[in-house]
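Report on one structure; see the data block that follows.
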Amino acid sequence: MTTLQGLPDRTEIRLAGEGGQGMILAGIILAEAASIYDGKNAVQTQSYGPEARGGASKSEVVISQGEIDHPEVLKADALIALSQEAYKKFSQDVKPGGLLIVDADKVDASATPQAIRLPITRMAFETTGKIITANTIALGVLVALTNVVSRDAIEKAVLARAPKGTEEMNRAALKAGFEAAEKETSRS
Amino acid sequence: MTIRLMQGNEAIALGAIAAGCRFYAGYPITPSTEVAEVMARELPKYGGKFIQMEDEIASMAAIIGGRVGGLKSMTATSGPGFSLMQENIGYAAITEIPCVVVDVQRLGPSTGQPTAASQGDVMQARWGTHGDHPIIALAPISVRQAFDLTVKAFDFSERYRTPVILLTDEIIGHMREPVELPDFSTIKIYEHKVEEKPEEYKAFRNTEDGVPPLVPFGEGYRYHITGLLHDEVGFPTQRLDEIDPWLERVNGKLEKHIDEITLVEEDYQDGARVAVLSYGCSARTARHAVKVARAQGKKVNLLTLLTIWPFPEKQVEALGEKVDKIIVPEMNLGQLAYEVERVVGRKKVVRVTRANGEMVTPQMVLEKMED
Amino acid sequence: MTDHILEAHDLENHEALIPPSNWFERSETLQKLRKNKKFPTIWCAGCGLGVVMGALIRAIDHLGLKNDDVALVAGIGCTARMPVYMDFNTLHTTHGRALAFATGLKIARPGMKVIAIMGDGDALAIGGNHFIHAARRNIGITALVVNNSIYGMTGGQYSPTTPLGKVATTAPYGNVEPPFPICELAMAAGATYVARSTVYHALELDKFLTEAIAQDGFSVVEAVSYCHTTYGRLNRLGTAADMMRALKDNSIAKSAYDKLSPDEQHANTKIVRGVLHQNNTRMEYTRMYEQQILTRVQSV
């Protein structure tokens with residue numbers, strides 16, 4: 001998608017929110033979609049501990065066709081922020097021209113007019129009745145906007161991680177994410 | 001096996017099991033805890049045993065006891081726990097009981113920042129216990145290598161009768177990468193063979209390769225093991241004519257096998273006058289920086305040390321003869337750089353240090369190439 | 001031999017008992033004292049540790065154990081030097097850690113009789129945490145704690161069992177810390193066999209050690225001894241013989257103690273000798289691990 005400091009073929013994604021919003025798991029699923037189902041290389045890292053309890057928690061995924069050396073995000077190609085604190089902490093580290101997605105209900109992103117605002121948590125509740133599916137919606141939005149992994153791969157990865165009996169719910173959440181992103185692109 | 005996205009800590013646990021580890025004793029500590037969790041879950045499936053001890057001192061003691069009883073043994077910890085283990089690491093070194101100690105380095109000193117990465121235990125891994133002693137430390141740079149070097153750690157610890165430190169860090173331990181593990185049945189590691197009869201057995205005698213074979217307790221070879229200076233049978237002694245040859249053997253045995261123990265990755269370009277030398281998580285940063293520099297048309301040598309201790313003097317010295325400048329990025333205030341300076345001289349070494357829990361960035365390394 | 005000793009110990013008057021004259025020749029274990037180790041021991045003449053070592057060897061002999069099936073694990077101190085003189089699997093470890101090493105060894109060799117030999121400082125100060133946790137797990141190890149109320153090897157510093165008011169090189173004005181009651185601590189922590197005797201009552205030690213080693217779970221024998229070289233000298237308690245005699249005069253059999261009135265028991269300052277606790281209902285740790293985990297987890 002982009003080049004970083006002279007290195008071609010390195011895409012850096014950061015998913016951030018409050019602890020409990022499932023952003024760490026979303027990062028793992030994204031990395032699994034890229035590596036297991038799309039046959040690319042991926043490295044996932046995350047913040048741990050007190051930082052991940054309530055405060056801003058983050059999960060990072062670097063995706064490449066080739067070897068990935070430095071494992072952490074240097075300048076994000078895309079950031080999803082589901083909380084104000086996550087936005088505040090990480091929005092500066094999005095590269096120029098990069099993608100910034102925020103939860104419209106939870107984040108005041110007036111400092112970044114280019115941000116894509118979608119009510120991700122509300123969409124989760126409206127689609128599945130459960131706000132814990134917000135991370136799946138977020139993945140749907142991200143994948144539809146960036147094509148960083150294929151839709152087929154992200155669906156397989158989500159379903160592989162979904163607890164038994166929640167497959168349909170997660171499939172619906174992912175689809176809602178795709179559709180919201182499509183609407184967003186057709187609008188701009 | 002299929003490709004799985006796996007954490008470094010999980011790969012370490014599975015590497016241990018693949019190498020035949022059948023006893024794990026440990027105490028939970030961030031960021032190493034996943035090793036214990038995977039061992040608790042997986043070891044019993046292989047007939048192995050897991051115990052959570054009351055502290056890291058006991059954990060280290062228990063794995064030595066386990067190996068004395070014949071089970072290949074491992075513990076895993078991080079900074080504060082690694083400090084507590086030091087006395088018994090010295091015991092394992094001087095009684096020549098094989099064992100593997102995983103140190104997932106976090107930011108110290110003291111409690112420091114439990115969730116932040118560091119490479120601050122490099123010198124502790126070498127000199128953390130009191131007195132002169134042999135030790136091996138290996139540092140993986142990827143999840144797959146965490147598996148492979150854990151297998152190596154067991155092989156080295158058995159082959160050379162020494163504790164081996166798997167000196168990894170929070171970045172490698174917690175990162176997830178896709179890996180395809182080999183079939184465990186294809187992995188073979190060194191096994192001791194004893195030819196003497198029980199009454200002739202000397203657990204600490206001199207041998208051609210410096211490593212006498214070890215027999216577990218309970219197999220008819222009754223003998224004494226002590227942390228006191230001892231003779232070749234294992235009895236305490238204060239006689240210099242018994243102590244000197246024994247000490248010479250114990251402290252010299254790794255040197256006899258230094259070529260087999262030294263694991264490095266050399267990626268050199270003809271005519272390069274600058275080099276980056278690194279290890280562990282910082283080696284990932286070093287590789288990134290070198291790729292960028294090369295893409296910009298620069299010639300740069302890259303040396304990655306997988307064996308940290310014994311320090312790969314021969315390889316570093318040879319690199320020093322090739323280049324004018326060796327950049328050493330590491331997540332501490334220059335611990336490995338001390339060793340590089342000792343071998344190639346201070347003038348050639350450029351330190352890139354960071355000890356606040358954040359990784360060294362490729363940019364920081366690239367800037368030093370410009371100077 | 002076993003019957004002879006055990007029967008003898010049902011008598012009140014232990015002083016009258018002596019072993020059969022040919023006990024040394026009759027003991028296969030004693031015949032296997034380490035021949036390749038030059039005696040004498042490092043212990044001071046008159047030390048009680050020799051009595052404890054004799055009792056341990058006789059107990060192992062009474063049980064008919066093979067030398068190969070016994071491991072002696074020790075920490076640091078005068079007491080901890082004991083294993084080197086005996087022809088078993090012997091592991092002399094670091095200060096305080098005998099039980100932690102022994103735990104690993106027992107897990108690796110559940111069939112082995114593992115005996116941890118410790119002094120009071122080794123077992124209860126630096127090793128106190130391992131002591132209570134080994135008891136809590138009920139792992140099949142026998143803890144033989146020789147209590148001489150002092151750090152002897154380093155020259156007489158106060159230990160966790162030094163009585164209040166007694167003098168040590170590090171308590172020159174008298175000890176202001178109360179002592180740990182070893183057996184009561186072991187009971188509270190979960191040990192399944194707990195007994196106490198003194199080095200004066202050598203044959204009673206034989207009996208208790210025999211029972212302790214036979215016990216499946218974590219067993220503790222406190223052998224009350226003395227250190228005439230340091231503690232005795234600092235507190236003007238006389239010669240080794242005087243201190244040995246004091247153990248006779250200042251101890252009481254549990255059977256006699258149990259007959260005292262509550263008030264008399266409360267006022268008692270003598271060492272109570274006897275089997276203080278036994279519980280055969282708790283499962284031993286390595287058996288528990290085998291039954292609850294290894295047999296239930298599907299093997300690969």
Side-chain angles (χ1 to χ4, degrees), chain B residues 17 22-25 40-55 57-73 75 87-88 90-91 95 97 99 184 198-199 215-228 230-231 233-237, chain C residues 32 34 36-38 42 66-74 76 81 83-112 114 126-127 129-130 132-134 136-137 139 285-286 289-290 293-300:
Chain B
I17 290 172
R22 292 297 177 266
F23 180 50
Y24 180 99
R41 189 185 71 218
E42 296 298 319
L43 258 183
K45 297 179 187 170
Y46 295 83
K49 291 153 185 179
F50 169 94
I51 189 170
Q52 186 167 304
M53 294 299 287
E54 50 272 20
D55 58 33
I57 299 173
S59 304
M60 189 62 219
I63 66 162
I64 298 170
R67 182 59 187 87
V68 167
L71 296 184
K72 292 185 183 73
S73 304
T75 187
E87 186 191 9
N88 285 333
Y91 182 89
T95 56
I97 306 297
C99 54
F184 288 5
E199 56 274 22
V215 193
F217 276 9
E219 297 189 356
Y221 293 72
R222 293 186 302 279
Y223 61 103
H224 190 64
I225 301 174
T226 179
L228 288 163
H230 46 269
D231 60 20
V233 187
F235 291 141
T237 178
Chain C
K32 288 179 189 162
R34 280 203 165 122
N36 50 0
K37 175 69 197 175
K38 285 185 177 66
I42 65 156
K66 284 195 205 139
N67 296 30
D68 281 338
D69 296 337
V70 177
L72 306 180
V73 185
I76 295 295
R81 289 299 185 95
V84 75
Y85 304 113
M86 291 175 277
D87 187 18
F88 301 107
N89 303 284
T90 54
L91 185 63
H92 179 224
T93 71
T94 49
H95 194 25
R97 318 303 170 198
L99 283 169
F101 279 85
T103 297
L105 179 57
K106 181 70 183 180
I107 290 171
R109 298 258 162 187
M112 190 174 254
V114 178
I126 188 165
N129 201 29
H130 312 308
I132 57 175
H133 285 280
R136 176 179 63 83
R137 291 187 187 104
I139 188 162
Y285 171 85
T286 59
Y289 196 91
E290 177 77 34
I293 298 176
L294 290 180
T295 56
R296 284 165 67 180
V297 173
Q298 208 169 0
S299 58
V300 182

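Order of the sequence lines sets the chain letters (A, B, ...), proteins ahead of strands, with each chain counted from 1.
Remark: the backbone N or O of C:V84 is paired with a side-chain donor or acceptor of C:R34 at under 3.5 angstrom. The main-chain N or O of C:A74 is found under 3.5 Å from a side-chain atom of C:T93 such that the two form a donor-acceptor pair. Counting only distance, with no hydrogens or angles, the side chain of C:K106 and the backbone of C:M112 share a donor-acceptor pair below 3.5 Å.
Interface summary for chain C: among B:L71, B:N88, B:T95, the most heavy-atom pairs under 4.5 angstrom belong to B:N88. Taking chain B as the reference chain and counting heavy-atom pairs below 4.5 Å, the highest number among C:I293, C:I107, C:V297 is found for C:I107. The residue among B:L43, B:L228, B:V233 with the most heavy atom pairs within less than 4.5 Å of chain C is B:L228. Put simply, of C:V114, C:L105, C:N89, C:D68, the one with the most heavy-atom pairs under 4.5 Å next to chain B is C:N89. Interface check for chain C: of the options B:P236, B:G220, B:G234, B:G70, the most heavy-atom pairs under 4.5 Å are formed by B:G220. Comparing B:A61, B:A62, B:P44 by heavy-atom pairs within less than 4.5 Å of chain C, the highest count is held by B:A61. Per-residue heavy-atom pair counts under 4.5 Å with chain C were compared for B:E87, B:M60, B:E42, B:R67, and the maximum is reached by B:E87. Per-residue heavy-atom pair counts under 4.5 Å with chain B were compared for C:R296, C:K66, C:R81, and the maximum is reached by C:R81.
By the salt bridge (Lys or Arg N to Asp or Glu O under 4.0 Å) test, B:E54 pairs with C:R137, sequence neighbours left out. Judged as a side chain to side chain donor-acceptor pair (under 3.5 Å), and not counting sequence neighbours, the contacts of B:K72 are B:E191.
Checked against the 6.0 Å centroid threshold, B:Y91 and C:F101 count as a close aromatic pair.
Both the backbone and the side chain of B:I51 come within contact range of chain C, each with at least one heavy atom under 4.5 Å from a heavy atom of that chain. With a 4.5 angstrom heavy-atom cutoff, B:P198 does not touch chain C via any of its atoms. Both the backbone and the side chain of B:F217 come within contact range of chain C, with heavy atoms under 4.5 Å apart. Of the two parts of C:R136, neither the backbone nor the side chain holds a non-hydrogen atom closer than 4.5 Å to a non-hydrogen atom of chain B. For B:Y221, the part lying under 4.5 angstrom from a heavy atom of chain C is the backbone only.
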inquiry  = Go through it in stages, so that I can follow the logic: the residues are B:D55 and C:H130, the test is side chain to side chain contact (heavy atoms under 4.5 Å, CB included), and I'd like the CA-CA distance, side-chain angles, deciding distance and then a yes or no.
reply    = CA-CA 9 Å; B:D55 58 33; C:H130 312 308; 3.7 Å; yes
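In this structure, C:L294 CG and C:Y289 OH are separated by 5.5 Å, a value rounded to the nearest 0.5 Å.
Donor-acceptor pairing under 3.5 Å is lacking for the side chains of B:S73 and B:R22.
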